[in-house]
Trainee: 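Have a look at this one before I ask anything.
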Amino acid sequence: MRADRLVSLVLLLRQHGQLSAVTLARELEVSTRTVLRDIEALSAAGVPVYAERGRHGGFALLPGFQTELTGLNHDEALALVVAGSRRGAQVFGLGSALASAMLKVVDALPASYRSTAAGASQRLLIDPETDLLSRRLVTEESPDTTTAEVLRAVLAGHKLRIHYAATDQPAKWRTVDPIGVVTVREQGYLLATRSGEDRTYRLDRVLAAEELAEPAERPDRVDLDRAWQERSTRFRTGGDQVTVLARVNPIRREDLARTALAILAESTDEDGWLRLEVTFQDSRHAEWALWQLSTNAEALAPPWLRAALHTRATTLATRYAAQPVHKDC
DNA sequence: GCTTGTCGCCAAGTGTGTGG
DNA sequence: CCACACACTTGGCGACAAGC
């Protein structure tokens with residue numbers, strides 16, 4: 001119990017810099033007297049902890065002790081931050097840093113835990129590089145200097161100049177104020193503001209980046225998770241969305257629900273099929289989603305969607321009615 | 001004067017080893 | 001298995017020193 005508390009004490013001091021005995025006692029759920037004895041024990045064990053007396057005093061570790069204790073470098077520390085997702089480390093080009101950081105973490109474990117960790121790595125595999133059909137799931141760890149430059153600016157809190165290619169538009173240079181970087185599945189996004197307006201950029205569409213010396217305009221405290229939720233909500237409710245009325249076989253309802261942005265209304269017809277009012281990102285998205293359901297769905301409205309699906313179906317029917325062009329294949 | 005660390009003392013609780 | 005002794009841990013208290 002005490003050994004655990006001594007470790008916790010060191011970690012608290014590393015995390016907060018300086019803490020009073022009263023605060024440490026509250027955090028560790030012991031008396032101040034016990035904290036003082038623990039400090040004494042740490043000091044006797046060679047931990048460079050020192051006391052500042054008087055008002056606003058407290059205990060702190062000598063500068064430098066932090067890095068000596070862990071041996072982690074900048075990239076490794078960063079890799080542990082994104083370690084919740086190996087994909088995150090891949091997107092940031094930190095896969096090798098994550099691997100070496102994990103080695104150090106495992107190495108720091110007591111011998112009994114170390115064998116457990118080694119055993120676990122032989123029994124558990126999370127997010128392999130390919131799926132069962134050998135399709136590659138994890139992006140190559142690229143020496144992506146552009147992503148690295150973006151990351152540098154984000155961490156340094158500097159403005160950033162990016163050469164960005166938006167969908168169906170020629171690439172343009174623009175200067176942005178970075179807020180943070182978000183990874184979703186294999187995709188990285190730069191959250192930023194441009195002339196005070198919120199902007200979200202896909203990292204794979206950033207063709208070049210240049211960190212500027214000027215500090216970025218960024219709120220002191222940002223809840224990145226919340227910012228991402230707000231932007232994704234805005235994305236889902238904005239743009240060229242279309243609403244479709246469709247009849248769907250109940251067995252394919254979930255397939256449609258997965259691809260649609262939202263289901264606005266739902267009822268059941270006499271024959272058991274579902275009548276759904278569904279919104280999609282745009283017309284192409286709607287056409288693709290209905291086409292995927294094949295004979296298990298029928299678009300009732302709008303007319304242009306029925307026409308598009310009719311064109312696809314007749315083209316396909318004509319093709320298969322005719323003799324093959326290349327008989328030898 | 002107030003806040004905070006330092007030190008010593010005592011008592012109670014807890015864990016561990018040993019003998020019957 | 002149980003009782004006992006011992007060591008260790010913890011909390012509380014008080015007096016004092018140091019810094020703001």
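Reminder, nothing fancy here: chain letters follow the sequence lines and each chain counts from 1. The shown structure was predicted, so the numbers you read here are calculated from the model rather than taken from an experiment.
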Trainee: Which nucleotides of nucleotides 5-13 of chain B have their base under 4.0 Å from a protein heavy atom (B), which only their sugar-phosphate (S), and which neither (-), written as one string 5' to 3'?
Mentor: BB-BB----
Trainee: Charged N to carboxylate O under 4.0 angstrom, R247(A) versus D269(A)?
Mentor: yes
Trainee: Give the intermediate values and the outcome of salt bridge (charged side-chain N to carboxylate O under 4.0 Å, His left out) for residues E287(A) and R312(A).
Mentor: CA-CA 10 Å; E287(A) 185 182 336; R312(A) 276 189 184 228; 2.7 Å; yes
Trainee: CG of L9(A) versus P of dT10(C): gap in Å, rounded?
Mentor: 12 Å
Trainee: Are any of the side-chain heavy atoms of F59(A) and S20(A) separated by less than 4.5 Å?
Mentor: no
Trainee: Given side chains that start at C-beta, do those of R253(A) and W273(A) come closer than 4.5 Å, heavy atoms only?
Mentor: no
Trainee: With sequence neighbours excluded, tell me which residues meet ring pair (Phe, Tyr, Trp, His ring centres under 6.0 Å) with W173(A).
Mentor: H163(A)
